[in-house]
Amino acid sequence: MNDPFGRTIDYLRISVTDRCNLRCIYCMPSEGVSPTRFKEILSYEEIIRIARIASSLGVRKVRITGGEPLARKNITYLISSLKGIKGIDNISLTTNGVLLEKYADEIAQAGLNRVNVSLDSLKPDRYAEITRGGDVNVVLRGIERAEKAGLAPVKINMVAIRGFNDNEIEAFAKITLEKPYQVRFIEFMPFGAKEIWKPEKYIPANEIKSIAEKIAPLTPVRLRKSGPARYFRFEGAPGVVGFINAISHQFCDECNRLRLTADGKLRPCLFSETEIDLKTPIRSSASDSEIERLIKLAIEIKPASHDITCEGKFHSLRPMSKIGG
Ligand code: SAM
Ligand code: SF4
């Protein structure tokens with residue numbers, strides 16, 4: 001289905017939980033984020049129903065996210081059920097990778113196509129600091145396992161923060177010289193943890209790219225499904241480097257997605273608090289056509305673009321763990 005700006009909406013991001021087994025300093029405020037009570041979270045059956053109706057409206061691609069999606073019990077059931085929905089041809093998952101070593105084989109067998117792993121430092125101490133206690137080696141083993149399980153191409157997402165992990169940009173880019181991964185740099189966005197955000201910590205994607213190019217020139221590559229990322233390759237490298245310029249070059253013109261929060265709200269835009277409640281009608285025996293009407297409404301009110309800038313203001317939006325990144 002097309003929105004009023006001619007964009008084809010065929011991608012649904014589904015958050016299955018707002019709980020997480022890490023506490024990344026830029027994502028969660030130090031006081032934590034109070035988790036939604038389990039009964040207020042959509043059940044798998046409710047999610048599957050929404051996905052089925054969305055697929056009848058043209059959704060072809062689904063990403064499972066959170067919070068930490070692998071921390072929700074029996075996620076393989078959801079994956080295999082989504083896989084069985086006619087029309088959905090691509091299922092991916094965004095994870096912090098902590099449980100990937102344990103679950104990579106199972107989720108691949110359940111029909112998952114790919115994983116995105118969030119990893120902001122390769123240094124054990126710094127990783128532990130960013131995540132408030134995580135072990136980077138567990139994540140690195142998880143990435144290897146995902147590759148072996150065929151969840152390819154593995155994507156590694158790194159949020160670059162000035163004065164914090166920007167001196168690892170080259171090390172991350174170098175991974176692509178050895179591995180067929182997509183290493184993607186994401187601009188730090190002004191929401192989540194207020195005490196961490198400062199405009200001077202934001203690094204625009206073009207600056208991140210020039211740091212990576214200290215290794216060697218990067219040549220643009222066109223990937224079949226590049227989404228909001230722009231991709232480049234070092235000559236002869238098996239992997240590619242990507243940049244997700246959420247703030248500096250708005251990718252709104254090509255935005256093809258809706259987000260479903262764990263508590264059942266359909267969100268037309270990451271950067272807008274406008275949400276359509278699907279949980280209440282679903283739990284009040286709404287018909288499929290009523291849910292379909294609400295999904296269409298979300299598509300109709302999708303804004304042309306967001307107005308978030310990096311100039312300074314922190315935005316008190318729901319943190320990513322509560323939206324589904
Ligand atoms: N827990 C999973 C993970 O970390 O991949 C999935 C959910 S997490 C909210 C999704 C993504 O949001 C992560 O890649 C994280 O780095 C990103 N994120 C969270 N807060 C952010 C912020 N303020 N700026 C940029 N990216 C952010
Ligand atoms: Fe958890 Fe992901 Fe947020 Fe880190 S970025 S706290 S792993 S939800």
Side-chain angles (χ1 to χ4, degrees), residues 13-36 63-72 75 92-100 103 114-121 127-136 138-139 142-143 146 154-162 164-165 172 182-199 201-205 208 227-229 242-248 251 257 259-262 267 270-271 306 308-310 313-325:
R13 286 199 172 200
I14 300 174
S15 174
V16 294
T17 179
D18 58 5
R19 290 166 196 255
C20 189
N21 47 7
L22 293 179
R23 297 271 178 281
C24 301
I25 54 173
Y26 58 83
C27 176
M28 297 220 180
S30 52
E31 70 272 18
V33 173
S34 49
T36 307
R63 170 173 299 283
I64 301 170
T65 181
E68 176 45 42
L70 294 182
R72 183 160 170 183
I75 195 76
S92 54
L93 178 136
T94 300
T95 173
N96 58 30
V98 170
L99 293 169
L100 205 44
Y103 289 123
R114 287 187 299 98
V115 281
N116 287 13
V117 184
S118 304
L119 178 63
D120 303 316
S121 176
Y127 183 82
E129 190 187 342
I130 296 179
T131 55
R132 298 192 177 99
D135 178 351
V136 70
V138 170
V139 179
I143 291 172
V154 173
K155 296 187 184 179
I156 297 178
N157 291 342
M158 189 257 210
V159 179
I161 304 177
R162 195 184 308 283
F164 197 56
N165 61 358
F172 270 86
Q182 297 184 4
V183 173
R184 298 156 10 129
F185 296 97
I186 299 177
E187 291 180 340
F188 186 25
M189 295 185 280
F191 64 103
K194 193 171 186 174
E195 69 266 30
I196 295 298
W197 168 259
K198 284 206 177 56
K201 290 189 185 169
Y202 163 82
I203 317 180
I208 303 174
F243 301 93
I244 303 186
N245 321 358
I247 305 288
S248 62
F251 45 63
R257 62 196 61 177
R259 288 182 151 84
L260 179 64
T261 66
R267 210 173 155 105
L270 171 64
F271 298 106
H306 71 73
I308 299 282
T309 65
C310 53
K313 199 167 139 231
F314 177 81
H315 296 262
S316 300
L317 301 169
R318 283 195 197 214
M320 286 290 256
S321 63
K322 287 258 177 196
I323 302 173

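When a ligand or atom number is given, it counts from 1 through the structure's own listing order.
Among the atoms of Met189, some N or O lies under 3.5 angstrom from an N or O of ligand 1. Inclusion of Asp120 in the set of residues having an N or O under 3.5 Å from an N or O of ligand 1 is not warranted. Looking at ligand 1, you won't find any N or O of Thr65 less than 3.5 Å from one of its N or O atoms.
Side-chain rings of Phe243 and Phe185 approach one another, their centers coming within less than 6.0 Å.
Results of the side-chain contact (heavy atoms from CB on, under 4.5 Å) test with Thr95 over Val117, Ile75, Ile64 single out Val117 as the only residue that passes.
Of all the atoms in ligand 1, the ones that sit under 4.0 Å from a non-hydrogen atom of Gly67 are 1 (N), 2 (C), 6 (C), 7 (C). Close approach to Glu187 involves these atoms of ligand 1, each under 4.0 Å from a residue heavy atom: 25 (C). Close contacts between ligand 1 and Gly66 involve ligand atoms 7 (C), 9 (C) [criterion: under 4.0 Å to a heavy atom].
The distance from the CZ atom of Arg132 to the SG atom of Cys24 is 8.5 Å, given to the nearest 0.5 Å.
Residue contacts with ligand 1, taken as heavy atom pairs separated by less than 4.0 Å, involve Thr94 via backbone and side-chain atoms alike.
Every residue meeting the side-chain contact (heavy atoms from CB on, under 4.5 Å) condition with Arg259, not counting sequence neighbours, appears here in chain and number order: Arg13, Arg257, Arg267, Leu270, Ile323. Under the side-chain contact (heavy atoms from CB on, under 4.5 Å) criterion, Thr94 pairs with Arg63, Thr65, Asn116, Ser118, not counting sequence neighbours. The salt bridge (Lys or Arg N to Asp or Glu O under 4.0 Å) check on Asp120 picks up nothing, with sequence neighbours excluded.
For the ligand labelled ligand 1, residue Ser15 lies outside the 4.0 Å heavy-atom shell.
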Point to revise | Step-by-step side-chain contact (heavy atoms from CB on, under 4.5 Å) determination, Met158 to Asn165 | key: CA-CA 9 Å; Met158 189 257 210; Asn165 61 358; 3.7 Å; yes

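Under 2.8 Å from atom 1 (Fe) of ligand 2, one finds the following protein N/O/S atoms: Cys20 SG.
Judged by distance alone, the side chains of Asn21 and Glu68 never bring a donor and an acceptor atom under 3.5 Å apart.
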